[in-house]
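Note sheet for the following structure.
Throughout, residue positions are numbered sequentially from 1 according to the sequence presented. Keep in mind that this is a model prediction, so the values were computed, not measured.
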Amino acid sequence: QVQLVESGGGLVHTGDSLRLSCAASGRTFSNYAMGWFRQAPGKEREFVAAISWSGATTYYADSVKGRFTISRDNAKSTVYLQMNILKPEDTALYYCAADSRGRTRVGVKVRGRDYDYWGQGTQVTVSS
């Protein structure tokens, strides 16, 4: 089992940047592919970005492509989400998630159901 704790959220203005972090503890972090998801009030949870266990493969939702960057530091058991040019529509509770079958997969997954462990979330609010 792995425990995930997100941090780095906050209140920012349109065009600002934030970097979210997700610290993992428990099982070997490098075995897991990692993903970021978000959920805005009244909306369903949606995929944001994912990264393979090695960091070699990344994938983004179209809505964040070119503005957000996912990365990981396996030595620190941490995954990051650098968010630039933030927009009000990016306002949401952001969750990181771990896919325990990451080492056995080709590529990364975008469905929440493929992730086994979830953090509690960190709030990002972008004011216009």
(request) Apply salt bridge (charged side-chain N to carboxylate O under 4.0 Å, His left out) to Arg45 and list each qualifying residue two or more places apart in sequence or on a separate chain. (result)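 Arg45: no salt bridge (charged side-chain N to carboxylate O under 4.0 Å, His left out) contacts found.
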(request) Quick one: do Gln1 and Asp116 satisfy side chain to side chain contact (heavy atoms under 4.5 Å, CB included)? Show the steps, please. (result) CA-CA 9 Å; Gln1 192 161 353; Asp116 308 285; over 6 Å; no
(request) Go through the steps for Thr122 and Ser7 under the test side chain to side chain contact (heavy atoms under 4.5 Å, CB included), then give the verdict. (result) CA-CA 6 Å; Thr122 185; Ser7 63; 5.6 Å; no
Please give me the minimum heavy-atom distance between [X] and [Y], naming the atom from each residue.
X	Y	answer
Tyr95	Gly119	CD2-O, 3.5 Å
Val2	Ala24	CG2-CB, 3.8 Å
Val48	Tyr94	CG2-CE2, 4.3 Å
Cys96	Glu6	N-OE2, 2.9 Å

(message) Once side chain to side chain contact (heavy atoms under 4.5 Å, CB included) is applied, do any residues pair with Lys65, and if so which ones, sequence neighbours excluded?
(response)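 Tyr60, Asp62.
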Distance check, rounded to the nearest 0.5 Å: [X] atom [atom1] versus [Y] atom [atom2]?
X	Y	atom1	atom2	value
Thr125	Asp90	OG1	CG	11.0 Å
Thr104	Asn31	OG1	CG	10.0 Å
Lys87	Ser128	NZ	OG	14.0 Å
Glu89	Thr14	CD	OG1	8.0 Å
Met34	Ser77	CE	OG	9.5 Å
Asn74	Thr28	CG	OG1	10.0 Å

(message) Which Ile, Leu, Val, Met, Phe, Trp or Tyr residues join Ile85 in one cluster when any pair of side-chain heavy atoms under 4.5 Å counts as a link?
(response)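 Members other than Ile85 - counting any ILVMFWY side chain reachable under 4.5 Å - there are none.
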(request) Could you list who else is in Val5's hydrophobic cluster, with ILVMFWY side chains joined at under 4.5 Å, directly or through other members? (result)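 None; Val5 is a cluster of one.
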(request) Would you mind reporting whether Ser63 and Arg38 have side-chain heavy atoms less than 4.5 Å apart? (result)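 Of all side-chain heavy-atom pairs linking Ser63 with Arg38, at least one is under 4.5 Å.
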(request) Can you label the angle between the Tyr117 ring and the Tyr32 ring as parallel, tilted or perpendicular, going by 30° and 60°? (result)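 Answer is perpendicular, since the angle exceeds 60°.
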For the pair [X] (side chain) and [Y] (backbone), establish whether a donor and an acceptor sit closer than 3.5 Å, ignoring hydrogens and angles.
X	Y	answer
Arg72	Phe29	yes
Gln82	Arg19	no
Thr91	Val126	yes
Tyr115	Lys109	yes

(request) List the steps, then state whether side chain to side chain contact (heavy atoms under 4.5 Å, CB included) holds for Arg105 with Ser52. (result) CA-CA 9 Å; Arg105 298 193 193 277; Ser52 61; over 6 Å; no
(request) Return the set of residues passing side chain to side chain donor-acceptor pair (under 3.5 Å) with Thr58 (not counting sequence neighbours), or none when no residue passes. (result)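 Counting only residues at least two positions away or on another chain, Thr58 forms no side chain to side chain donor-acceptor pair (under 3.5 Å).
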(message) Arg111: which residues meet the side chain to side chain donor-acceptor pair (under 3.5 Å) condition with it, sequence neighbours left out?
(response)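 Arg111 satisfies side chain to side chain donor-acceptor pair (under 3.5 Å) with Asp114 once adjacent residues are dropped.
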(message) Counting only heavy atoms from other residues, nucleotides and ligands, does the tally under 6.0 Å from CD of Gln120 exceed 12?
(response)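 No, the 6.0 Å shell around CD holds no more than 12 heavy atoms from other groups.
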(message) Please evaluate residues Val124 and Met83 with respect to the criterion side chain to side chain contact (heavy atoms under 4.5 Å, CB included), reporting the C-alpha separation (whole Å), side-chain torsions for both, the decisive distance (0.1 Å), and the verdict.
(response) CA-CA 10 Å; Val124 172; Met83 306 186 296; 3.8 Å; yes
(request) Please confirm whether Phe68 and Trp36 have ring centers closer than 6.0 angstrom. (result)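 So the answer is no for these two rings.
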(request) Treating Ile, Leu, Val, Met, Phe, Trp and Tyr as nodes and any side-chain heavy-atom pair under 4.5 angstrom as an edge, say whether Leu4 and Val79 lie in one connected cluster. (result)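 They do share one cluster, since a chain of ILVMFWY contacts under 4.5 Å joins Leu4 to Val79.
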